[in-house]
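Side chains are part of it too, since the values below use all heavy atoms of this structure and drop only hydrogens, waters and symmetry mates. Atoms within a ligand are numbered from 1 in the order they appear, just like the ligands themselves. What you see is a predicted model; the values in this text were computed from it and never measured.
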Amino acid sequence: MRKIYDALYRWYAKEGRSDLPWRNTDDPYRIYLSEVMLQQTQVKTVLERYYFPFLKRFPTLQALADAPLNEVLKMWEGLGYYTRAKNLHRCAQLSAPELPKTYEALLALPGIGKNTAAAICAFAYRQKRAVMEANVRRVLCRIYALDDPSEKVLIEKAHKLLDATDPFTYNQAMMDLGALVCQPKEARCDVCAFAPICRATELNCYDFPVKKKRKVPLRHTNIVVQKYRDKFHLKQREGRFLHGLWGFVQSEKVVGKRIGSVTHQYTHFKLEADIWLHEVSNKLEHMFTLQEIEKLALSTVDKKIVTLLRAEGAV
Ligand code: SF4
């Protein structure tokens with residue numbers, strides 16, 4: 001395996017993204033933050049729009065723990081999956097000023113899964129842990145020709161392949177290999193260090209793991225925006241879904257004038273909402289001007305509704 005690791009590191013030194021800011025720090029908080037942001041969002045977006053502003057506002061785990069949740073959600077706006085932000089905040093409150101130093105203690109914190117715990121251990125504390133984000137999973141499945149492996153099998157394979165002498169560089173290189181070489185639609189085996197031992201190359205079949213087709217259901221709803229003079233009514237959400245964010249209110253009964261529709265793709269369903277504007281004669285609780293609304297933590301759907309209201313000249 002030594003020859004393979006050496007080839008992998010030569011490739012990583014030349015082509016890898018070793019300049020990413022979270023790869024040039026051993027601060028567990030910064031590494032943790034990058035892992036959480038990158039869970040559902042591309043590197044480019046995180047790098048250009050979210051990572052640095054978040055750190056500027058909350059430079060340490062303690063600063064994050066001390067901040068009100070509303071401010072954390074506001075800084076997270078646009079990244080979606082707001083449970084991630086809430087868990088980040090909760091973890092900070094439970095562990096500030098420092099994150100725990102063991103895999104097991106990290107796993108016990110809310111929202112920290114096996115991959116995030118492994119990444120913090122490998123990158124911040126240089127422990128022998130194999131990181132397994134989506135790209136690495138694909139690489140492993142191809143190397144071992146695994147159709148639909150259980151989590152246990154994947155973890156075993158990942159640790160079997162891990163370079164225990166340098167888990168830090170190995171994990172970084174594996175993540176980049178998955179992102180840049182062993183890609184979903186194209187496997188560039190000619191430049192891949194694992195080609196000599198890869199089962200997918202040997203079989204000339206790259207469909208590992210086997211893709212499962214998932215049909216995303218469509219949900220339709222009506223949202224009635226209540227307006228009084230230049231103010232609009234919003235509610236702060238309390239359920240699990242989008243908890244803590246402010247939003248316009250869904251309604252089964254339609255009143256007022258239809259001003260358009262908005263759509264949004266969530267992980268488990270697609271939302272299609274008709275938007276109605278209804279002028280009320282008395283002021284309701286929680287009414288805000290559009291300028292005030294833009295300062296609240298809003299979901300993407302509610303931001304789209306604000307754009308619609310502006311286009312409609314509703315103020
Ligand atoms: S040899 Fe090809 S299929 Fe195998 S891990 Fe490398 S790029 Fe992927």
Original post:
Got the closest protein heavy atom to atom 8 (Fe) of ligand 1, with its distance?
Top reply: Cys182 SG, 2.4 Å

Original post:
Hey, which atoms in ligand 1 end up nearer than 4.0 Å to a heavy atom of Tyr206?
Top reply: 3 (S)

Subject >> Protein heavy-atom partner closest to atom 1 (S) of ligand 1 - residue, atom, separation in Å >> reply: Thr201 OG1, 3.2 Å

Subject >> Tyr103 six-ring face occupied by Arg129 cation (under 6.0 Å, within 45°) >> reply: yes

**OP:** Tell me whether the guanidinium CZ or amine NZ of Arg199 lies under 6.0 angstrom from the six-membered ring centre of Tyr144 and within 45° of its axis.
**Re:** no

Subject >> Sub-4.5 Å side-chain heavy-atom contact between Leu109 and Leu94 >> reply: yes

Original post:
What is the closest protein heavy atom to atom 4 (Fe) of ligand 1, and at what distance does it sit?
Top reply: Cys198 SG, 2.4 Å

Original post:
Can you tell me if Cys192 has an N, O or S atom under 2.8 Å away from atom 6 (Fe) of ligand 1?
Top reply: yes

**OP:** Kindly determine whether Glu77 and Lys295 satisfy salt bridge (Lys or Arg N to Asp or Glu O under 4.0 Å), including the steps that lead there.
**Re:** CA-CA 11 Å; Glu77 217 177 65; Lys295 290 191 187 116; over 6 Å; no

**OP:** Apply salt bridge (Lys or Arg N to Asp or Glu O under 4.0 Å) to the pair Arg2 and Asp163, showing each step before the final yes or no.
**Re:** CA-CA 9 Å; Arg2 193 66 260 158; Asp163 178 4; 3.3 Å; yes

Original post:
ligand 1 versus Cys189, non-hydrogen atoms closer than 4.0 Å: side chain, backbone, both, neither?
Top reply: both

